[in-house]
Amino acid sequence: MTTTTLAGTVATQANVYFDGKCVSHTVTLADGVRKSVGVILPATLTFNTGAPEIMETVAGRCSIKLKGETEWKSYGPGESYNVPGDSSFEIKVEGEAYHYICHFG
């Protein structure tokens, strides 16, 4: 397990999506940068984006398909993928839970 020390705040109220299949907490750094840290349980889900996102895989594996694409791409620990703003993506998690950090902007 890797830990990082940050100056900022963590929202204690969880963001719960898809009947609890995705749970995250919003982290706001001292400079105003916002991120979320969360977990997705095994499922296939569709997320809509407002701002562009960089999804950093912390643990587990997922496959994603961006809006307009036909092929699934797989990601594991230490890998990340970009999602455009004002778009959507499908994510498929099988087996173990998928842990991530979402970097907005």
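Below, each value reflects all heavy atoms present in this structure, side chains not excepted, and no hydrogens, waters or symmetry copies. Numbers here are sequence positions counted from 1.
Residue pairs meeting the side chain to side chain donor-acceptor pair (under 3.5 Å) criterion with at least one partner in residues 9-25, sequence neighbours excluded, are N15-S24, N15-T26. Listed by first and then second residue, the side chain to side chain donor-acceptor pair (under 3.5 Å) pairs involving residues 41-62 are E56-H103, T57-Y98 (not counting sequence neighbours).
Taken from CD1 in I101 to CE in M55, the straight-line distance is 10.0 Å, to the nearest 0.5 Å. Between the CG atom of L29 and the NZ atom of K35 there is a distance of 6.0 Å, given to the nearest 0.5 Å. The distance from the CD1 atom of I54 to the CG atom of N82 is 5.0 Å, given to the nearest 0.5 Å. Within the model, atoms NZ of K65 and CH2 of W72 stand 5.5 Å from one another, a figure rounded to the nearest 0.5 Å. Separating the CG atom in L45 from the SG atom in C62 is a distance of 11.0 Å, to the nearest 0.5 Å.
When all heavy atoms are compared, the tightest approach of E96 to V93 is O-CG1, 3.4 Å. In terms of heavy-atom proximity, S74 sits nearest to S63 at OG-OG, 3.1 Å. Between Y100 and C22, the shortest heavy-atom distance links the atoms OH-SG, 3.6 Å.
Hydrophobic clustering keeps I40 apart from V58 (ILVMFWY residues linked when any side-chain heavy atoms are closer than 4.5 Å, directly or through intermediates).
Side-chain contact between E79 and Y81 is absent, with no heavy atoms from C-beta onward closer than 4.5 Å. Between L66 and P84, some side-chain heavy-atom pair lies under the 4.5 Å cut-off. A heavy-atom distance below 4.5 Å is found between the side chains of S87 and K67.
Residues meeting the ring-ring contact (aromatic ring centres under 6.0 Å, His included) test with F47, sequence neighbours left out: F18, F89.
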